[in-house]
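Worksheet: the structure to be examined is printed underneath.
Chain identifiers are assigned alphabetically (A, B, ...) following the order of the sequence lines, protein sequences preceding nucleic acid strands; residue numbering begins at 1 within each chain. This one's a predicted model, so the numbers in the text were calculated from it and none came from an experiment.
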Amino acid sequence: DGGITQSPKYLFRKEGQNVTLSCEQNLNHDAMYWYRQDPGQGLRLIYYSQIVNDFQKGDIAEGYSVSREKKESFPLTVTSAQKNPTAFYLCASVKRGTGAGGAEAFFGQGTRLTVV
Amino acid sequence: GQSLEQPSEVTAVEGAIVQINCTYQTSGFYGLSWYQQHDGGAPTFLSYNALDGLEETGRFSSFLSRSDSYGYLLLQELQMKDSASYFCAVKPSGSARQLTFGSGTQLTVLP
């Protein structure tokens, strides 16, 4: 079955350490996104990528970095520069297109990062 | 840029009908989508409106009016399992193709 997989589901790190969150999809989607969600809040865009080897900053990119070396993979690194990294991180992919197919985002189950 | 406004909370009883509104400001977009998210889970796609008017999918319907910069999600015959957060989202036209979400509406269905 096709889908989008995030790992791990829960992650604990010490303050000052970098950590990388994995996101893999086998839907053959071109576009991938990373969102951050804080308790009771909406989804805020961190980074997105429309194509391999290209990515763009979203609204809250500071303290984060990404890479897109393969179509299937879009890992997110939370660096020590991120002031408040504890949050729920969601990865999504979208099929290329302007119709309904280009509007339906498929989400992974998320990674809950806790920095202590 | 884009901004989407939704009410933060809505409460209704089982069996009722509820409407969740979304007003937006964007320079141009392909359509308006709706997502459902249960506590601790991933958002799942519910519906998409590319054109003005009503789209119906079972108990859920979604409406878009581009002239009014407004859309809504209509949930009928509410069930307890419909208690969740609901987000509207747009995928803007032009060079900036990020998928932008509203702040979400927490729906609580009471017995």
Look at the side-chain heavy atoms of Ile, Leu, Val, Met, Phe, Trp and Tyr, link any pair under 4.5 Å apart, and say whether [X] and [Y] land in one connected group.
X	Y	result
B:Ile20	B:Val90	yes
A:Tyr33	A:Tyr89	no
A:Leu45	A:Trp34	no
B:Leu32	B:Leu46	yes
A:Tyr35	A:Val94	yes

In terms of heavy-atom proximity below 4.5 Å to chain B, should [X] be classed as side chain, backbone, both, or neither?
X	answer
A:Leu43	both
A:Phe106	neither
A:Gln6	neither

Is [X] atom [atom1] crowded by more than 12 heavy atoms from other residues, nucleotides or ligands, each under 6.0 Å away?
X	atom1	result
B:Glu77	CD	no
B:Asp39	CG	no
B:Gln19	CD	yes

- Message: Centre-to-centre under 6.0 Å for A:Phe107 and B:Phe45, is that the case here?
- Response: no

- Message: Between A:Leu90 and B:Gln37, is there a side-chain heavy-atom distance shorter than 4.5 Å?
- Response: yes

- Ignoring hydrogens and geometry, is there a side-chain-to-backbone donor-acceptor pair from B:Tyr35 to A:Ala105 under 3.5 Å? yes

- Test side chain to side chain contact (heavy atoms under 4.5 Å, CB included) applied to B:Ser69 - qualifying residues, sequence neighbours left out: B:Tyr24

- Query: So how far is it from A:Arg44 CZ to B:Thr100 OG1, rounded to the nearest 0.5 Å?
  - Reply: 13.5 Å

- Message: Give the interface residues of residues 108-116 of chain A toward chain B, defined by a heavy-atom separation under 4.5 Å.
- Response: A:Gly108, A:Gln109, A:Arg112

